[in-house]
> 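Please see the structure below; I have some questions.
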There are 2 protein chains.
Amino acid sequence: MRTGKGVEWAVHTLLNLAWLGDGEPVPTARLAAVHDLSASYLNKQLQQLVKAGLLESVPGARGGFRLARPLEAVSMLDVVLAVEGDDPLFRCAEIRRCGTIGERVPAGGFSRPCAVNTAMGRAELAWRKALAAQSLADVRAEAEAHAPAVGSYVRGGFGRD
Amino acid sequence: MRTGKGVEWAVHTLLNLAWLGDGEPVPTARLAAVHDLSASYLNKQLQQLVKAGLLESVPGARGGFRLARPLEAVSMLDVVLAVEGDDPLFRCAEIRRCGTIGERVPAGGFSRPCAVNTAMGRAELAWRKALAAQSLADVRAEAEAHAPAVGSYVRGGFGRD
DNA sequence: GCATATCTGGATAGTAAACATCCGGATATG
DNA sequence: CATATCCGGATGTTTACTATCCAGATATGC
């Protein structure tokens, strides 16, 4: 059980766009080149970010993607939900009611909640809260704190992270 | 991204064994029958629980599985780690250093930590703490709180949940 | 208007992981 | 010895993830 690469791709790409600074749209091909990613596939992830309102896309020549909001206004949870969807980490299959012996609940349902599902849900809520508490600006700040040599960022050629 | 069914199977099976009460080992076939699960596959999950020290197995005729410790001493995290392994939810592919443009780190590595990985790791820690804070006894209590009719539990034929 | 560059979305294919079954070997019961 | 069961490896099935490709729409610049 683990998150897909899309999350990593998306966060780094959003940070790259912020580093670039100007509001000029950047095409997928250049964003992909920064980290040697598949342009076609990265594009699919970016489309998800557009749908979620984190990016704006500009079609046509000289088009591309640009941030829809500042990094301060984007949480890690926003990115994860945009890329992975908002399905729960734990999907309760309700096996408790499928038994040949245990409780029989009419197909309609209307039973009390499954305690296992509730417990897993509490943990997922903690995960989401922790993700929501961290903005991309925080992540950028942390990355920079480890890299005091700000001058080493390659502007125009893209920095790293 | 989601947890496998093994977690749900394992938790319900552990609760079933606790409801049974006596220390007699219960064979996989009966445990599987309670929830209409595949006996062969459930057995694989139970083997993981044995390795993790949550269950004891008894080979031979009249053999089966029994709890290795009381529910109070087993956390939801114990079960999740036993079944799913302790790989991180987010696996950092270190794409930040793979770029043709960005930072070049000698293959040896020795760079500062990836801030994206750190942020995701914090969220996972919150998830694990929330799981560790809930014991199977808590889950059982919550299930029973919703089902005041204790007498409805089918002893000998297994209750539900 | 036209050639070019780019996003959009669907179709498709490849790969990895999860899910599930089967079987031979070991162990214990009676 | 016949039976019941756990154990672990081999194998097959299904699902999700990863990745590619192409036709269509849109915008730029000449």
Side-chain angles (χ1 to χ4, degrees), chain A residues 1-10 13 17 23-33 35-68 80 82-91 93 95 98, chain B residues 1-10 13 17 24-33 35-68 80 82-85 87-91 93 95 98:
Chain A
M1 198 263 286
R2 64 171 182 281
T3 60
K5 317 182 179 178
V7 173
E8 188 173 7
W9 293 23
T13 298
L17 282 169
E24 292 304 301
V26 183
T28 304
R30 287 183 66 200
L31 291 169
H35 297 300
D36 273 347
L37 306 177
S38 150
S40 307
Y41 192 42
L42 175 63
N43 184 267
K44 290 244 182 289
Q45 317 283 2
L46 299 186
Q47 286 180 32
Q48 294 298 110
L49 298 183
V50 172
K51 280 183 196 164
L54 307 186
L55 283 183
E56 286 173 1
S57 65
V58 179
R62 287 192 58 84
F65 296 90
R66 95 182 113 216
L67 294 177
V80 170
V83 173
E84 305 249 327
D86 66 352
D87 295 323
L89 258 53
F90 177 81
R91 176 176 25 169
I95 64 171
C98 298
Chain B
M1 196 263 284
R2 63 171 182 282
T3 59
K5 316 181 180 179
V7 173
E8 188 173 7
W9 294 21
T13 298
L17 282 171
E24 292 304 298
V26 183
T28 304
R30 286 184 67 200
L31 292 168
H35 297 299
D36 271 349
L37 306 177
S38 150
S40 307
Y41 194 41
L42 175 62
N43 184 268
K44 289 238 182 294
Q45 316 283 1
L46 299 186
Q47 285 180 33
Q48 295 296 112
L49 297 183
V50 171
K51 281 183 195 163
L54 307 186
L55 284 183
E56 286 172 1
S57 66
V58 179
R62 287 193 57 88
F65 296 89
R66 92 182 115 217
L67 294 177
V80 170
V83 173
E84 304 250 326
D87 295 323
L89 260 52
F90 176 82
R91 177 176 22 169
I95 65 170
C98 298

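Chain letters run A, B, ... following the sequence lines, proteins first, then strands; residues in each count from 1. Worth knowing before you read on, the calculation uses all heavy atoms, side chains too, and leaves out hydrogens, waters and symmetry mates.
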> Send over the distance from A/E84 CD to D/dA16 P, rounded to a whole Å.
13 Å
> Charged N to carboxylate O below 4.0 Å: is that the case for A/E24 and A/R62?
yes
> Atom CG of A/L17 to atom P of C/dC7: distance rounded to whole Å?
11 Å
> If you assign each of B/V58 and A/S57 to its closest nucleotide in DNA chain C, which residue comes earlier from the 5' end?
A/S57
> Distance-only, no hydrogens or angles: does the B/E84 side chain make a donor-acceptor pair with backbone N or O of B/G4 under 3.5 Å?
yes
> Is the shortest heavy-atom distance from the side chain of A/S57 to the side chain of A/F65 under 4.5 Å?
yes
> Measure the distance from OH on B/Y41 to P on D/dG8 and round it to the nearest whole Å.
16 Å
> OP1, OP2 of C/dC7 versus side-chain N and O of A/Q47: anything below 4.0 Å?
no
> A/Q48 CD to D/dC17 P: how many Å, rounded?
12 Å
> Expressed in angstrom and rounded to an integer, what is the separation of A/L46 atom CG from D/dA19 atom P?
14 Å
> Mind calculating the distance between CG (B/D87) and P (C/dA18) to the nearest angstrom?
9 Å
> For B/R62 and D/dT3, what is the distance between atoms CZ and C1' respectively, to the nearest whole Å?
13 Å
> Of A/G60 and B/K44, whose closest DNA chain C nucleotide lies nearer the 5' terminus?
A/G60
> Whether A/S38 contacts D/dT20 is assessed here as follows: a side-chain N or O lying under 4.0 Å from the phosphate OP1 or OP2. Is that the case?
yes
> Of the nucleotides D/dT18, D/dC6, C/dG9, which one has an atom closest to the side chain of A/K51?
C/dG9
> Look at the side-chain N and O atoms of A/T28 and state whether any lies under 4.0 Å from the OP1 or OP2 oxygen of C/dT6.
no
> Is B/G6 touching bases, backbone alone, or none of the nucleic acid, heavy atoms closer than 4.0 Å?
nothing
> Go through D/dC6, D/dA19, C/dT8 for me and flag the one nearest to the A/K5 side chain.
D/dA19
> Return whichever of A/R2 or A/A61 has its heavy-atom-nearest nucleotide of DNA chain D closer to the 5' end.
A/R2
> What is the distance, to the nearest angstrom, from the CZ atom on B/R66 to the P atom on C/dA28?
13 Å
> Would you indicate whether the side-chain heavy atoms of A/R66 and A/L17 approach each other to under 4.5 Å?
no
> With a 4.5 Å cut-off on side-chain heavy atoms, are A/T13 and A/L49 touching?
no
